[in-house]
Amino acid sequence: MTGAPFPRHLLAGDSESAARALIGAFLVRGNGPNARIGRIVEVEAYVGIEDLASHARFGRTNRNAVMFGPPGVAYVYLVYGMHHCLNVITEAEGRPAALLIRALEPVSGIEEMRTARIAAAGRTSTRRGHDSDVARIGGLPAARLASGPGLVCACFTIDRTTDGDDLCDPGSDLRLEAASDAQMRLPVAQSPRVGIGYATEPWLSKPWRFFVEGNPAVSGPRVAATAAQ
DNA sequence: GCAAAGATTTGCT
DNA sequence: GCAAATCTTTGCC
């Protein structure tokens, strides 16, 4: 049920509506039988210059410039010097807002995702040997392959060169695709955002993390605590 | 021009 | 449960 372009207008309105539209949709890399496809099951919204948890809180800078551009474009940045994070721009051009893709449920191209993760592990972590990465990642269940923002980018071979690409263009190698209505009927839960301890209230407690309740691909141990409330 | 911190993941204590 | 790995971006002197 993939193949339909993702309508840009679904991302052009308020970010909560955009988040609910994006949950259940697909992120696709490549074409043909080896294409990597993942269902989006967890996102976080970063909205406006006033959001003290957002990269846009210092105004427009070289790094966050695409956040101020049109919706549907990819914003990719490097965190902690080793992991990349993928965002989809939302809201009207000129207003900095984005959805961080925190987790995907692998649908197709699962072995290709393992290969991509092993390659990414070799690039980012030189502490362990390649054989160790192959064993560790090869043993992961599919639902754990892309269950975190850094892991999403590892599985889909996303780095800073992807920054600024149009994810709503059906011709893009990395793109969004719409799901059928039936597939979009998923139970969506909300919680505060993860990993923004540097922010202050009220931004710290805004329930701007959206995820599919009970889905095994939703990210990490920290999730269980916040999801349970 | 330099120092500090970060929208994370992993392994070890 | 804690700290390391690692480097870009931002803020301040």
Side-chain angles (χ1 to χ4, degrees), chain A residues 15 18-19 22 40-68 74-90 96-104 113-114 116-141 143-156 158-164 190-211 217-226:
Chain A
S15 291
L22 204 53
I40 296 169
V41 296
E42 180 183 356
V43 303
E44 277 178 3
Y46 291 85
V47 185
I49 210 163
E50 67 275 15
D51 180 357
L52 295 184
S54 172
H55 287 170
R57 65 188 181 281
F58 299 123
R60 182 178 186 137
T61 65
N62 189 55
R63 175 173 68 162
N64 66 25
V66 300
M67 289 187 75
F68 291 75
Y75 167 47
V76 182
Y77 64 90
L78 184 65
V79 272
Y80 300 108
M82 55 181 75
H83 301 294
H84 293 274
C85 291
L86 171 67
N87 297 254
V88 180
I89 302 306
T90 59
L99 296 171
L100 169 68
I101 309 299
R102 286 194 58 90
L104 302 173
M113 292 183 199
R114 287 190 205 280
R117 265 202 60 174
I118 290 166
R123 246 174 281 121
T124 58
S125 171
T126 54
R127 284 171 297 165
R128 316 279 149 220
H130 178 259
D131 290 347
S132 167
D133 290 330
V134 171
R136 176 173 54 86
I137 296 169
L140 289 175
R144 294 280 99 194
L145 283 176
S147 61
L151 303 180
V152 167
C153 288
C155 280
F156 281 71
I158 295 165
D159 60 23
R160 288 278 299 165
T161 63
T162 308
D163 191 53
Q190 291 178 241
S191 80
R193 294 170 289 182
V194 174
I196 56 165
Y198 54 88
T200 54
E201 297 292 358
W203 313 108
L204 194 54
S205 299
K206 292 276 187 189
W208 287 351
R209 171 169 167 266
F210 303 83
F211 59 98
V218 170
S219 71
R222 282 178 296 185
V223 170
T226 47

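Any value given below was found using the heavy atoms of this structure, including those in side chains, with hydrogens, waters and symmetry copies removed. Lettering follows sequence order; numbering is per chain, from 1.
Between B:dA5 and A:Y198, no contact under 4.0 Å exists linking OP1 or OP2 to a side-chain N or O. Side-chain N/O atoms of A:R136 include one lying less than 4.0 angstrom from OP1 or OP2 on B:dT10.
Proximity of A:E44 to A:P149: side-chain heavy atoms (C-beta onward) are nowhere separated by under 4.5 Å. Using a 4.5 Å heavy-atom threshold, the side chains of A:W208 and A:V47 count as touching.
Residue pairs satisfying the salt bridge (charged side-chain N to carboxylate O under 4.0 Å, His left out) criterion with at least one member in residues 45-61 of chain A, sequence neighbours excluded, are listed as follows: A:E50-A:R95, A:D51-A:R193.
As rounded to whole Å, 11 Å separates atom C1' of B:dT9 from atom CZ of A:R102. Atom CZ in A:F210 sits roughly 19 Å away from atom P in B:dA7 (whole-Å rounding). Remark: C1' of B:dA7 and OH of A:Y77 are 3 Å apart, rounded to the nearest angstrom. In this entry the distance linking CH2 of A:W208 with C1' of B:dA7 reads 14 Å, nearest Å. When rounded to the nearest whole Å, the span between CZ of A:R123 and C1' of C:dC7 equals 16 Å. Taking atom OH of A:Y46 as the reference point, atom P of B:dG6 lies 13 Å away to the nearest angstrom. Rounded to an integer number of Å, the gap from CE of A:M82 to P of B:dT9 is 11 Å. A straight line from OH of A:Y80 to C1' of C:dA5 spans 13 Å, rounded to a whole angstrom.
Closest-nucleotide positions on DNA chain C for A:R160 and A:V79 were compared, and the one nearer the 5' end corresponds to A:V79. Each of A:L78 and A:H83 lies near DNA chain C, and the nucleotide nearest A:H83 is the one positioned closer to the 5' end.
Nucleotides B:dA5 and C:dA3 have their P atoms positioned 15 Å apart, rounded to a whole Å. If you take atom P in B:dC2 and the same atom in C:dT6, they sit 23 Å apart, rounded to whole Å.
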Given the rule that a pair is Watson-Crick or G-U wobble with both distances under 3.5 Å, how would you write DNA chain C in dot-bracket, using | for pairs to a different strand? |||||.||||||.

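Looking at heavy-atom distances under 4.0 Å, A:I196 makes contact with sugar-phosphate atoms alone, never a base.
Closest approach of A:F210 to A:A19, counting heavy atoms only: CD1-CB, 3.6 Å.
No donor-acceptor distance shorter than 3.5 angstrom exists from the side chain of A:N87 to the backbone of A:A98, with no hydrogens or angles considered.
Contacts between residues 52-64 of chain A and DNA chain C, defined by a heavy-atom separation below 4.0 Å, involve A:F58, A:T61, A:R63, listed by number.
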